Structures are given as C-alpha cells and as structure tokens.
Amino acid sequence: MSKGTYLDFLGLAMRAGKITVGEEFIVKDIQSKRAKLVLVAADTGKQTKKKLNDKCSYYQIPIFEVDDRQTISQAIGKSGRVAIAVTEKGFAKKMQSLLEEINRG
C-alpha cells in the first residue's frame, strides 16, 4: 500500500466536505467529538502538535503524524495546512486502516 493511497483518500474526503482544517476548528471538533480522526503534519510546531495530541488523547480520538505540511496541503488543495480532522466515521475508519498499514509496512 503506497502513501499516495491515503493522500488520494484525503482529497476525496475534502471534496465530500468531510474534513475540517484550521487549528481552532479542529480543537472544537475534537471537543464536540465531531472529529473521528486527526492528521498532523510531521513538520508542525511543537506547541500545536502537543496541543492536538493532548486533546485527542483526552477525548479518545485517533491521531496520526503524517507527511509534511506541503504534502497534506497539496492533497486537499489548500496551502499551509498542518493539521486535518476527518469528521465522517466511514472516511476516518478507512483512512486509519490505510495509515496503520503504511506504518506496519
């Protein structure tokens, strides 16, 4: 399974309107349990990464560190994005299984 597969899926979720971008919006979605999965770019700042990790841990939402901000931004067609929340259960479940497969490989 290639990394491109989860990125393609991320683009599909964006087009379907099933993701949230922007740190404030993502934190709100985590707190309201609307976020089903959170992706954080590997080159995200320490404070942002810690904040999102802590929130996801507290609210028991899966979080994955993925490629750099340019790669995930390009996948969703928006620039400068460091974190993405997937808000639809089906998309989140599939993306989580793709990411776990990549991490195992």
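Because the structure is a prediction, the values reported are computed rather than measured. Values reported hereafter were calculated over all heavy atoms of this structure, with side chains retained and with hydrogens, waters and symmetry mates removed. If you read the sequence from its start, that first residue is 1, and numbering goes on from there.
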Is there a side-chain contact between Lys51 and Glu23, using heavy atoms and a 4.5 Å cut-off? yes
Arg34 side chain to Ile30 backbone, donor-acceptor under 3.5 Å: no
Gap between atom OG of Ser79 and atom CD of Gln74 - 0.5 Å precision: 11.5 Å
Listed partners of Asp68 passing side-chain hydrogen bond (donor to acceptor under 3.5 Å, both in side chains), at least two apart: Thr71
Heavy atoms, side chains only, cut-off 4.5 Å: are Lys94 and Ser97 in contact? yes
Mind checking whether Val21 and Val38 sit in one hydrophobic cluster, side chains of I, L, V, M, F, W, Y counted as touching below 4.5 Å? no
Could you walk me through whether Leu98 and Phe64 pass the side-chain contact (heavy atoms from CB on, under 4.5 Å) check? CA-CA 11 Å; Leu98 291 171; Phe64 285 87; over 6 Å; no
Pairing residues for Glu100 by the side-chain hydrogen bond (donor to acceptor under 3.5 Å, both in side chains) criterion, not counting sequence neighbours: Gln96
Is there side-chain contact between Leu39 and Ile72, with heavy atoms separated by less than 4.5 Å? no
Let me check something: do Leu10 and Val66 share a hydrophobic cluster, defined by ILVMFWY side-chain heavy atoms less than 4.5 Å apart, either directly or through other members? yes
Determine whether the side chains of Tyr6 and Asp67 contain a donor N or O and an acceptor N or O closer than 3.5 Å. yes
Distance check, rounded to the nearest 0.5 Å: Tyr59 atom OH versus Lys33 atom NZ? 8.5 Å
For residues Met14 and Leu99: do they belong to one hydrophobic cluster (side chain heavy atoms under 4.5 Å, members Ile, Leu, Val, Met, Phe, Trp, Tyr)? yes
Anything under 3.5 Å between a donor and an acceptor, one on a side chain of residues 81-91, the other on a protein residue two or more places apart or in another chain? List them.
residue, atom, partner, partner atom, Å
Thr87, OG1, Lys18, O, 3.0
Glu88, OE1, Gly90, N, 3.1
Glu88, OE1, Phe91, N, 2.9
Glu88, OE2, Gly90, N, 3.4

Does NZ in Lys49 sit with more than 12 non-hydrogen atoms of other residues, nucleotides or ligands closer than 6.0 Å? yes
Distance check, rounded to the nearest 0.5 Å: Asn53 atom CG versus Ile61 atom CD1? 12.0 Å
Taking the side chain from Lys78 and the backbone from Ala75, do they hold a donor-acceptor pair closer than 3.5 Å? no
Got a second to check how far Ile26's CD1 is from Ile19's CD1, nearest 0.5 Å? 8.5 Å
Is there a path of hydrophobic side-chain contacts, each under 4.5 Å between heavy atoms, that joins Tyr58 and Val40? yes
When you look at NZ of Lys46, are more than 12 heavy atoms from neighbouring residues, nucleotides or ligands closer to it than 6.0 Å? no
Between the main-chain N or O of Thr44 and the side-chain N or O of Thr48, is there a donor-acceptor pair closer than 3.5 Å? no
If you measure from CG on Leu7 to CE on Met95, what distance do you get to the nearest 0.5 Å? 9.0 Å
